[in-house]
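Heavy-atom basis, side chains included; hydrogens, waters and symmetry copies ignored. Start at 1 with the first residue, then count along the sequence. Every number for a ligand or one of its atoms is a count from 1 in the order of the listing.
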Amino acid sequence: MKDKVRVCLIGCGRAGMIHARSYMGGVSGAVLAALCDPSEENLSAASVETGVSAVFSDWHDVMKDPSIDAVIVVTPTQFHRDIVIAAAEAGKHVFCEKPMASDETECDEMTEACRNHNVKLQLGFMRRFDKSFRRGKQLLEEGTVGKATLIKSNTYGPSEPKEWMYDVHKNYGPLGEVNSHDFDTVRWYAKSEVKMIHAIGGNFRSQEKAEEYPDYYDTCSVLLEFENGILGVITGAQYVRYGYDSRAEILGTTGIIKVGSQQANNAEAVTSDRVIHVDSMDSWRTLFLDAYKAEDQAFIDCIRNDTEPPVTGTDGKMALILVNESLRSLLEHRPVYLKNGLPEESR
Ligand SMILES: NC(=O)c1ccc[n+]([C@@H]2O[C@H](COP(=O)([O-])OP(=O)(O)OC[C@H]3O[C@@H](n4cnc5c(N)ncnc54)[C@H](O)[C@@H]3O)[C@@H](O)[C@H]2O)c1
């Protein structure tokens, strides 16, 4: 084992630069050795910010460089499959952002390539590394509230949707944009696969788009039933404006665990009009900053210690299936049934 795992970041956009900053801030046992992005502008901005001078404009060239041990794949999702498989074939360990790929077949191909070439594959569900979400899991597993009965997870995002997001047949809408992490969270807490999904949604904030995009929804609610009997509820919304709101709740047989808060900090101002003022959390980038660092460290640790990554390709695939099947349920106005977590067609 080399002194340091030499990592190349592929995709230097919003999420990619969060990982770059983790490595710059010090992921022990690793060094950010190279950057790759076809956008000259993003690549050069990333190089200036990080001081990393080894740059590639084409990810195929990264695979030919024997000095790179691992890649962080943070490109638009449509490229994940090809890049991950090529990295595996080149013997490079892979961290891949969620959503893992475009469909389950691609997920299987990626997992298989990494398995066959004996490289690690870790998926980017950073909530599993967040202090509060982890503590919730620990309290549940210690039996603090008895047995789990109902698990809820919500994500509401502040931003106005980009034009491409209105077409939910090409993109998923909030189920994919904001809720993909919630699906992973409830599955992680329940330790079981989903057997029934019933999703409903509506467009409340972008009525002017309703004629052009009749299936667009900005708010949704998803009922879940797990194979072990636990119930689940996921709610999602886009363009809520008031801040980034991500919380979870585990109702047990003897108590309740509440995870997360809308407050950005613990400072309050109480004014003479008897109003309490607190800051609202602005973004996932603020809320989960430490979680991103922790997941980057976990990836390097599993390479160095030759252990199983804490979030696997199977986790990536299962979350993708839950997003897809929830959208199917929402658009077809009916419950959808799964077996062993898999949709009917792939059984
Ligand atoms: N874990 C999370 O919470 C989280 C948050 C945001 C985004 N993401 C995921 O990260 C991925 C990237 O999203 P983003 O918001 O950073 O997008 P972005 O558009 O900000 O950045 C994508 C970057 O990839 C580059 N790129 C495009 N094609 C490429 C290619 N073929 N090879 C290399 N680079 C290429 C683009 O030039 C751009 O710099 C997506 O899969 C997204 O779903 C995850």
Side-chain angles (χ1 to χ4, degrees), residues 8-22 34-50 55-63 65 68 71-87 92 94-103 106-107 110 122-130 133 153 155-159 161-165 170-185 188 236 238 244 246 281 283-296 298-299 310-311 315-316 319-320 323:
C8 177
L9 173 69
I10 306 183
C12 306
R14 285 183 324 160
M17 289 313 292
I18 292 179
H19 292 289
R21 288 173 201 129
S22 288
L35 304 166
C36 170
D37 202 300
S39 152
E40 220 171 279
E41 192 187 339
N42 290 3
L43 188 60
S44 111
S47 176
V48 168
E49 182 180 335
T50 59
V55 293
F56 299 90
S57 56
D58 183 338
W59 60 262
H60 293 88
D61 295 329
V62 177
M63 307 310 163
D65 183 338
I68 300 298
V71 294
I72 313 285
V73 182
V74 202
T75 64
T77 308
Q78 76 212 71
F79 303 115
H80 289 184
R81 176 205 173 270
D82 288 356
I83 298 175
V84 169
I85 291 176
K92 302 187 191 308
V94 180
F95 177 95
C96 179
E97 261 304 345
K98 64 90 232 170
M100 183 168 174
S102 308
D103 60 37
E106 291 191 356
C107 296
M110 293 155 78
Q122 182 174 322
L123 264 290
F125 288 118
M126 76 294 180
R127 285 187 196 178
R128 292 198 189 203
F129 298 88
D130 175 80
F133 278 83
S153 185
T155 304
Y156 308 140
S159 314
K162 309 237 164 59
E163 190 64 30
W164 57 265
M165 292 180 190
K170 290 202 184 127
N171 306 285
Y172 299 100
L175 285 166
E177 278 306 308
V178 298
N179 287 131
S180 44
H181 289 286
D182 299 283
F183 286 108
D184 182 63
T185 299
W188 181 48
Q238 264 176 311
Y244 181 80
S246 157
M281 179 56 66
S283 161
W284 48 275
R285 281 175 273 199
T286 316
L287 178 58
F288 292 116
L289 193 59
D290 290 341
Y292 284 104
K293 282 185 194 148
E295 76 173 351
D296 288 323
F299 174 55
V311 193
D315 295 320
L320 185 67
V323 170

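Between the side chain of His80 and the main chain of Ala101, no donor-acceptor pair closer than 3.5 Å is present. Judged by distance alone, with hydrogens and angles left aside, the side-chain atoms of Gln122 form a donor-acceptor pair with the main-chain N or O of Glu295 at under 3.5 Å. Between the Asp37 side chain and the Asn42 main chain, no donor and acceptor come within less than 3.5 Å of each other. Listed for the Ser47 side chain is no donor-acceptor partner under 3.5 Å among the backbone atoms of Leu43.
The 4.0 Å heavy-atom shell around ligand 1 contains residues Ile10, Gly11, Cys12, Gly13, Arg14, Ala15, Asp37, Pro38, Ser39, Asn42, Trp59, Val74, Thr75, Pro76, Thr77, Phe79, His80, Glu97, Lys98, Pro99, Gly124, Met126, His181, Trp284, Tyr292, ordered by chain and number.
Ring pair Phe125/His181 is perpendicular by interplanar angle, where above 60° counts as perpendicular and below 30° as parallel.
Annotation: salt bridge (charged side-chain N to carboxylate O under 4.0 Å, His left out) contacts of Asp315 (sequence neighbours excluded): Arg128, Arg187.
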